[in-house]
Amino acid sequence: MLWFRNLQLYRLSPDHALKAETIAEALAKRPWLPCGTHDLFSQGWVPPARFAPDLMVFASQDAVLVTLKTEEKILPGPVIKEEVDERIARIEAEENRRVGRKEAKDIKERVTEELIPKAFSRSRSQRALIDLQAGLVLVESASSAKAEQLLSILRETLGSLPTRLINTQTTPQTAMTLWLENPAEGVFDLGQDAELREPGDGGAIARLTRQALDTPEVLHHLETGKLVAKLALSWEDKLAFQLTEKLEIKRLTMLDVLQDQLKDADGQDQQALFEGSFALTVGELRLFVPVLIEALGGEMPTA
């Protein structure tokens with residue numbers, strides 16, 4: 001089933017001029033290829049739908065799903081160091097001299113090159129949803145750095161990708177602190193996890209897990225000056241998630257209401273299940289993201 005566990009949110013410029021067809025054409029020119037014998041790293045685009053191995057994107061409802069695949073050779077540092085040390089020791093013993101820094105560096109480079117073909121490799125895939133209708137790019141990642149890396153490669157592939165981080169009138173930290181102080185004020189229901197921090201470096205941190213958040217104990221943390229850095233929330237009995245102070249969506253899950261909507265597709269083929277879950281995902285995110293942004297006071301106007 002198609003879904004996203006973690007999301008980084010970006011706004012597409014209104015004049016982006018992107019189309020599903022042109023995105024597919026551009027990605028087809030940079031497909032993922034396995035690492036060569038002497039390659040440590042390989043990165044490129046792969047088809048996001050297994051039932052359509054010839055389609056570099058999956059497009060529906062004016063939204064485009066893309067998948068970036070990365071393969072890395074695993075060459076542990078200690079393995080290289082052990083071999084380098086052995087060769088240096090052998091040279092010094094046989095030639096009765098010390099190996100200098102430059103020669104040691106050359107030996108390390110040579111050892112690394114020799115070991116690469118014997119190294120194990122690991123691969124990972126990362127998805128992004130380019131919602132042309134909503135003007136959003138939603139990157140599947142718990143890390144903003146990894147999301148930015150995908151966007152950078154996508155930008156190189158497309159030639160242009162005018163995106164920016166979403167900047168809201170009220171910071172997530174301020175809004176979450178207010179919601180925790182007055183749960184009735186927010187549009188979301190409180191979950192059972194939160195992280196509260198004192199401002200400044202080295203401040204105290206309180207991590208609350210699997211406990212009620214509308215208690216005097218939690219309010220005491222706020223009274224002592226802590227602010228909310230992460231908060232578990234739910235929306236309309238459809239979605240549960242954690243919101244962070246950086247406007248990151250983590251631990252996003254569908255609740256029973258949405259799970260029930262997918263049950264009708266359980267007996268169908270792989271394509272029907274994928275298309276059904278994609279439609280549900282796009283539809284719910286188009287409802288949820290604007291509600292979240294509005295709850296944070298709306299977006300800051302661009303210059």
Side-chain angles (χ1 to χ4, degrees), residues 1-14 16 18-24 27 47-52 55-68 125-142 147 150-151 154 161 163 165-166 168 172 186-189 191 232-243 247-296 298-299:
M1 181 180 66
L2 175 70
W3 196 246
F4 299 98
R5 176 74 168 167
N6 304 292
L7 285 175
Q8 306 286 330
L9 312 180
Y10 299 87
R11 174 63 67 191
L12 261 177
S13 174
H16 59 78
L18 292 172
K19 295 182 179 180
E21 296 81 5
T22 55
I23 295 173
L27 267 59
R50 292 182 180 178
F51 65 84
L55 298 180
M56 197 58 76
V57 305
F58 181 82
S60 179
Q61 304 177 83
D62 209 18
V64 181
L65 182 69
V66 301
T67 302
L68 179 70
S125 296
Q126 184 181 10
R127 299 174 298 178
L129 181 68
I130 307 171
D131 193 333
L132 302 174
Q133 177 180 306
L136 292 167
V137 178
L138 310 178
V139 182
E140 179 184 37
S141 179
L150 181 144
L151 286 179
L154 186 57
L161 184 66
T163 59
L165 286 169
I166 293 175
T168 55
V187 298
F188 303 113
D189 297 319
L233 300 163
S234 63
W235 175 63
E236 292 190 349
D237 296 326
K238 292 182 176 182
L239 304 177
F241 63 100
Q242 280 193 354
L243 179 63
L247 191 50
E248 299 166 320
I249 307 299
K250 298 189 175 183
R251 298 186 184 180
L252 181 63
T253 57
M254 288 192 298
L255 299 179
D256 291 343
V257 171
L258 294 185
Q259 294 279 6
D260 290 342
Q261 292 184 34
L262 281 178
K263 287 182 179 178
D264 293 339
D266 283 349
Q268 300 180 24
D269 60 22
Q270 184 184 49
Q271 179 175 348
L273 181 59
F274 187 97
E275 291 174 346
S277 61
F278 182 85
L280 182 62
T281 297
V282 171
E284 291 304 320
L285 289 177
R286 282 178 176 168
L287 296 173
F288 166 66
V289 174
V291 169
L292 174 61
I293 292 173
E294 185 62 29
L296 297 173
E299 290 186 64

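Here the structure is a predicted model, which means the values were calculated and not measured.
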query = In Å and rounded to the nearest 0.5 Å, what is the CG to CG distance from L247 to L296?
reply = 6.0 Å
request  = Report the C-alpha distance between F58 and E275 in whole Å, list the side-chain angles of each, state the deciding distance to 0.1 Å, and finish with yes or no for side-chain contact (heavy atoms from CB on, under 4.5 Å).
outcome  = CA-CA 9 Å; F58 181 82; E275 291 174 346; 3.7 Å; yes
ask   = Passes side-chain contact (heavy atoms from CB on, under 4.5 Å), L7 versus V289? Steps please.
value = CA-CA 11 Å; L7 285 175; V289 174; over 6 Å; no
inquiry  = Is there a side-chain contact between V57 and L65 in this structure, where contact means two heavy atoms from C-beta onward sitting under 4.5 Å apart?
reply    = no
query = From L12 CG over to L136 CG, what is the distance, rounded to the nearest 0.5 angstrom?
reply = 7.5 Å
message = As an exercise, state the distance from CG of L233 to CG of D189, rounded to the nearest 0.5 Å.
response = 8.5 Å
ask   = Between atom OG1 of T163 and atom CG of L151, what is the distance when rounded to the nearest 0.5 Å?
value = 5.0 Å
request  = Output, in order, the C-alpha distance, side-chain angles, deciding distance and verdict of side-chain contact (heavy atoms from CB on, under 4.5 Å) for L243 and I249.
outcome  = CA-CA 5 Å; L243 179 63; I249 307 299; 4.0 Å; yes
Non-neighbouring partners of D131 that pass side chain to side chain donor-acceptor pair (under 3.5 Å), sequence neighbours left out = R286
task = Output the distance between atom CG (L292) and atom CG (L285), rounded to the nearest 0.5 Å.
result = 11.0 Å
task = Let me know which of F4, F188, W3, W235 forms a ring pair (Phe, Tyr, Trp, His ring centres under 6.0 Å) with F241.
result = F188
Heavy-atom closest pair, residues T67 and P48 = OG1-CB, 3.2 Å
query = Any sub-3.5 Å donor-acceptor pair from Q8's side-chain atoms to S141's backbone N or O?
reply = yes
ask   = Side chains of V291 and E294: does their closest heavy-atom pair fall under 4.5 Å?
value = no
inquiry  = With heavy-atom distances below 4.5 Å as the criterion, would you say the side chains of L27 and L154 are in contact?
reply    = yes
request  = Indicate yes or no for a side-chain donor-acceptor contact from E140 to the backbone of R5 under 3.5 Å, with no hydrogens or angles considered.
outcome  = no
key: CZ-CD distance between F278 and Q61, expressed to the nearest 0.5 angstrom   = 6.5 Å
ask   = Out of V139, L161, I166, which residue meets the side-chain contact (heavy atoms from CB on, under 4.5 Å) rule with Y10?
value = V139
request  = Determine, step by step, whether H16 and V137 satisfy the side-chain contact (heavy atoms from CB on, under 4.5 Å) criterion, reporting the C-alpha distance in whole Å, the side-chain angles of both residues, the deciding distance to 0.1 Å, and the verdict.
outcome  = CA-CA 12 Å; H16 59 78; V137 178; over 6 Å; no
